[in-house]
Protein chains: 2
Amino acid sequence: MTVRHSGGGQPERTLALLWRNKQAPNTQAPNTQAPDQQVPDQQVRRRTAGRRPSLDVDGVVRTGIQLADERGLEAASMGGVAKALGVGTMTLYTYVPSKEELLDLMVDEVLAERQLPGPAEPRPAGWRLQVELYSEQTRAMFQRHPWLARVSTVRPPVGPGMLAGREYLLSVLLPLGLSPRDTNTAALSITMYVDSAAGLEAENELVERATGQSNEAWWYDRNDLWETYFDVERHPAMTAIWNANGYQDTVRDAATDAYRYGLDRLLDGIQAQTEVAPDMP
Amino acid sequence: MTVRHSGGGQPERTLALLWRNKQAPNTQAPNTQAPDQQVPDQQVRRRTAGRRPSLDVDGVVRTGIQLADERGLEAASMGGVAKALGVGTMTLYTYVPSKEELLDLMVDEVLAERQLPGPAEPRPAGWRLQVELYSEQTRAMFQRHPWLARVSTVRPPVGPGMLAGREYLLSVLLPLGLSPRDTNTAALSITMYVDSAAGLEAENELVERATGQSNEAWWYDRNDLWETYFDVERHPAMTAIWNANGYQDTVRDAATDAYRYGLDRLLDGIQAQTEVAPDMP
DNA sequence: CGCATTCTCGTATACCCTACGGAAATAGCC
DNA sequence: GGCTATTTCCGTAGGGTATACGAGAATGCG
C-alpha cells in the first residue's frame, strides 16, 4: 500500500517547510535582534525584489489534502493540485521541492489535526482512557483522510504533528513505571497497532469508494469459492466457526470488533507488566 | 502505500486462476466420467486447435515474484515481466486478465509458501508457540518478499495460500474455548498485528534498498530537527526517554523489539480471557 | 530606466496500463 | 495438400504520472 519516500534531497529545506510557522523558541530567542539573518534563505524570505508569489505553501498543502479527501490520493497529483489552484503544473515546484515533500507536508498537517492534550493540559483520568483518546483521535483522522492508509509510515515527516503524537503517547505511558526502554517499546507497539488497524478500516472505505462495490457484494461475487473450491476437510476450523455462526455479518463489523478487541487485549497485557491500578495515573 | 485491488471483472476467472492446480475434491468427485466438460472454458483448456502457448500462468507469476523480489514491485510491471520472459507486453494478457489479477496471483503464491501444519499434521506444543510459528513464518515471508508490504490486504486473493493461513490461526485459537465470535475476532486481531508489524519491518528494508540510505543516515541528515526545531518544553516525555537512554540504537532494533513486545502482550491479554494454561493445547 | 531577482509554466522525456485488431501458428478434416 | 476454426502473439495508440530545462513575465530598488 503505498507511496514514495521522504526525499534525500535537501533535508534542511524539508524541515523548514514542515515547521514553517511554528518555529521553536530556542531559534528565536538567541538572536531576535537580526530577524532577517536567522534562517537565511528558506523560512522568512526577503520580500525585496522579484515577482510576487500567487500562492503559498499552506494553500498548496490544503488543496492537496482536500483533493485527496474528495477524490482519492491519485487526484492529488502535481497536475491535479495545480489545476485546482488555477496555475500551471510547474508552478508548484516553486513552493514545494517535489511530490514527496508535498505528501510529507500533507501528512504532517493531518497528523497535527488530532486533538491531543499537550504537557500541562487536562486529559482523561487513567492511562487506558488516555490511550483510548489517542486511538479515537487517530481513527477519526483516518476516517477523515482515508488516503493516509496508502502512505508509508516508516520515515514519517518529522514535523510538529508527528512529534505531538509521539510525545502524547509517551507521556501517557511514562507514569506506568516501566523501564525507559520498555516505555518506548510499548508506545511503538501501540502506535503500530492503532495506526494499522485504523488504516485497515480506512482502506476498506477507500476500496469501496474506488470500486463502487460494497465488501458484501464483493464476497457475494466470490460465492464459487465455497461451492467449487473450498475443501471442508482441509479447513475444519473455518468450517466450525462458520457453523457456529462465528463470522460477523459485515466485513466492517469484523474489522471494528477486531480493532477494539485487539487494543483491549494489548492494553491488558501492558497493564499486567505494571503494578499500577487501571484508574491510577 | 499501496496498490490496486481485486478486479470486479470476472471473479470466476480469477478464482479459477488462483486455484488452478489445486482443485478441491468435491469438484472432481461428482463427475470424473466427463473430465472435459467439468470446468468448461477456463481451467483445463481443450488442447485441440490453435497456436501453442509459449508460456504458462505459473511462469508468469513466478517471474513477477522474482522481479519484485530483486528490483522492487515497480519492476514487476506488465512490460517488465514480459521483457523478462522475452515476449511482447500484450502477450501476458493471454494468461492473466490484468495487472490486478497478476498481483493477486503473486500474493497468494507467496502466502502459500509459509510452512504451516495442516489439520492432522504435527505442530508445536501449546497455542502460544503455535502462534509464534505463524508469526515467524509470516515474518520470514515478508523478509523474502518485502514488496508485500506495499500490497493492500483488504480484499485479499481468496486462494489456497490465504485460506491456509486463516485456517491455521483459527485452528490454533479454537481450543482456547473462547466464544466462536471471539475466536474469530482474536484471530483477526493477531493477523492484523503480525501482518502489519512484519510489513513495517519489510518496508524499512524496502526503503533502505530504494534510497540507498540507511535509516541511521536518514536520521543523521535530520539533526537540525533537534538543534533547531525541537522544543524541550513541549516534549518533556520524549526528552525524558532520551535522557534515560530509552531509545534503541537503530530503528530496526526498535521495530523488532516493538514487534516481539507487542505480540507477547497481545497474547498475554488473550490468554487472560481464557482459563487454559499456556502450555495446554 | 535598467537590472537583479523571483515567480510562471510550455515542452520534452520516460515511464505506466490496456483496448483494439491484424498477423502467425496449429489441429483436424476433406 | 490445402481449408478453416481456433488460439496465441503483439504493434500501435491513447491517456495517465513526475520533473529537468529554459524562456518569458513581473517586481522593487538604485
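Note that this is a predicted model, so its numbers are computed, not measured. Scope of the values below: all heavy atoms of this structure, side chains included, with no hydrogens, waters or symmetry mates. Residue numbering restarts at 1 for every chain, and letters A, B, ... go by the order of the sequence lines.
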In this structure, which one of B:Val60, B:Val61, B:Asp56 forms a side-chain contact (heavy atoms from CB on, under 4.5 Å) with B:Asp58?
B:Asp56
Working to the nearest 0.5 angstrom, can you tell me the gap between B:Ser196 OG and A:Leu200 CG?
7.5 Å
One should read off an interatomic distance between A:Glu205 CD and A:Gln143 CD, to the nearest 0.5 angstrom, of 8.0 Å
Close residues, residues 76-91 of chain B, relative to DNA chain C [heavy-atom separation under 4.0 Å]:
B:Ser77, B:Met78, B:Gly79, B:Thr89, B:Met90
Integer-rounded Å distance: [N] [atom2] and [X] [atom1]:
X	N	atom1	atom2	answer
B:Leu92	D:dC10	CG	C1'	11 Å
A:Glu101	D:dT19	CD	C1'	13 Å
A:Glu100	D:dT19	CD	P	7 Å
A:Leu102	D:dA18	CG	P	10 Å
A:Arg51	C:dC3	CZ	P	21 Å
B:Tyr93	D:dA13	OH	P	18 Å
B:Lys99	D:dT17	NZ	C1'	14 Å
A:Asp56	C:dC7	CG	C1'	14 Å

At under 4.0 Å, does any side-chain N or O of [X] touch on OP1 or OP2 of [N]?
X	N	value
A:Tyr95	C:dC7	no
B:Ser54	D:dC9	yes
A:Arg52	D:dG28	yes

Under 4.0 Å between a side-chain nitrogen and a carboxylate oxygen: does that hold for [X] and [Y]?
X	Y	answer
A:Arg144	A:Glu113	yes
A:Glu100	A:Arg155	no
A:Arg20	A:Glu109	yes
B:Glu203	B:Arg150	yes

Using every non-hydrogen atom in the two residues, find where B:Pro156 and B:Met162 come nearest and quote the distance to one decimal.
CG-SD, 3.3 Å
Considering only heavy atoms, which members of residues 59-70 of chain B lie under 4.0 Å from some atom of DNA chain D?
none
Side-chain donor-acceptor pair present, A:Gln66, A:Thr63, cut-off under 3.5 Å
no
Taking atom CD of B:Gln115 as the centre, report whether more than 12 heavy atoms of other residues, nucleotides or ligands fall under 6.0 Å from it.
no
Got A:Leu111 and A:Leu148 here, is their nearest side-chain heavy-atom distance under 4.5 Å?
no
Terminal helix-axis angle for the helix from C:dC1-D:dG30 to C:dC30-D:dG1, with five pairs defining each axis and rounding to 10 degrees
30°
